[in-house]
Amino acid sequence: MLVEDIMMWLQSFAAEPLRLTLALMALSLFFDTAAVITAGIMVGAGLLGGIATTAALTTAILAGDCAVYLFGYMTKELPWAARWLPAKGMAKLEAWITPKQTSVLLLSRVIPGTRSIVYLVFGYLHLSPTRFITVAGLGGAVWCTVIMIVVSQTGEFFAADGWLVSTIAGVIAAGLILIPIRILANKSDHAAILKQVDR
């Protein structure tokens, strides 16, 4: 079965926790929630330490977030940017987003498909890098820590039933957190506009 094969492959890293952590950090740059859930399963199975893994993933996620912001920041200086992003539309977006920076950043963490676009926009508009790093860093840390704790504790609880049951239980536990949060976030006042930013 595919899940068992993946878990056996990950388990092969057991003697090399640093290598496994680095692999999860690399994964988090592209699929952060998947990386955190996988890390939670590994922590629950005793392959990785919880505190060190959470710190490593939080750092990697923030590094990825800052890279997206920086890319947006540098894009504004490119000649073609003005053709693709009309000044009037960007000014309107800036007027809307500037007083709501913190809530927009936090909501983009939990609304699928909006985070990278929002971070690009923050960079492109040259909105405060200090606020961006602080809010994105804290939001990512809380997000990562909560998911890691829930998944690892659930996985540990079902560990005696084997890898497959433990893994499925951890994924279901993550879903029980992620799905309600995303439903509530999608109903927020900013969600509709965040989705417009994504288009």
Side-chain angles (χ1 to χ4, degrees), residues 21-40 50-149 177-178 181-182 184-199:
T21 302
L22 290 173
L24 289 169
M25 289 174 74
L27 177 63
S28 74
L29 297 175
F30 304 98
F31 306 103
D32 63 347
T33 302
V36 173
I37 291 171
T38 304
I51 295 173
T53 304
T54 303
L57 285 180
T58 298
T59 302
I61 289 168
L62 181 58
D65 294 346
C66 288
V68 174
Y69 175 92
L70 186 59
F71 180 77
Y73 195 95
M74 294 186 303
T75 299
K76 191 168 189 176
E77 310 306 321
L78 299 174
W80 56 263
R83 289 196 305 270
W84 290 98
L85 302 166
K88 186 177 179 181
M90 293 309 291
K92 186 176 179 182
L93 180 59
E94 184 173 10
W96 176 83
I97 209 169
T98 299
K100 304 174 178 69
Q101 292 178 57
T102 299
S103 60
V104 169
L105 284 170
L106 291 174
L107 276 172
S108 69
R109 168 66 55 191
V110 297
I111 298 176
T114 60
R115 196 171 75 256
S116 293
I117 299 300
V118 167
Y119 292 178
L120 281 170
V121 168
F122 266 70
Y124 185 85
L125 296 176
H126 289 195
L127 296 176
S128 169
T130 303
R131 183 194 295 257
F132 176 83
I133 291 169
T134 302
V135 176
L138 290 173
V142 170
W143 183 255
C144 184
T145 302
V146 169
I147 295 172
M148 283 276 292
I149 289 172
I177 293 174
L178 298 175
I181 287 175
R182 288 183 170 164
L184 290 173
N186 277 318
K187 291 182 177 179
S188 73
D189 293 338
H190 300 332
I193 300 178
L194 281 175
K195 288 176 182 175
Q196 291 299 317
V197 172
D198 192 28
R199 290 179 183 173

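Summarising the geometry of Met148 relative to Ala39, their closest heavy-atom pair is SD-CB, 3.5 Å, with the distance given to 0.1 Å. The two residues Leu62 and Ile133 make their nearest non-hydrogen contact at CD1-O, 4.0 Å.
From Phe122, atom CZ reaches atom CD of Glu94 across 10.5 Å, with rounding to the nearest 0.5 Å. One distance of note links CD of Gln101 with CG of Leu125; it measures 9.0 Å at 0.5 Å rounding. Here the CD1 atom belonging to Ile147 is positioned 8.0 Å from the CG atom belonging to Asp32, to the nearest 0.5 angstrom.
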Side chains of residues 64-73: which donor-acceptor partners sit under 3.5 Å, not counting sequence neighbours?
| unit_1 | atom_1 | unit_2 | atom_2 | d |
| --- | --- | --- | --- | --- |
| Asp65 | OD2 | Arg109 | NH2 | 2.8 |
| Tyr69 | OH | Leu127 | O | 2.3 |

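Between the side chain of Ser108 and the backbone N or O of Leu105, at least one donor-acceptor pair lies under 3.5 Å.
Legend: side-chain hydrogen bond (donor to acceptor under 3.5 Å, both in side chains) pairs involving residues 50-59, not counting sequence neighbours: none detected.
Shown are Leu106, Val36, Val110; of these, the side-chain contact (heavy atoms from CB on, under 4.5 Å) with Trp143 is made only by Val110.
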* To do: Please lay out, stage by stage, how Ile37 and Phe31 fare under the test side chain to side chain contact (heavy atoms under 4.5 Å, CB included).
  => CA-CA 10 Å; Ile37 291 171; Phe31 306 103; over 6 Å; no
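For Ile177, the CD1 atom sits in a packed shell: over 12 heavy atoms of surrounding residues, nucleotides or ligands are nearer than 6.0 Å.
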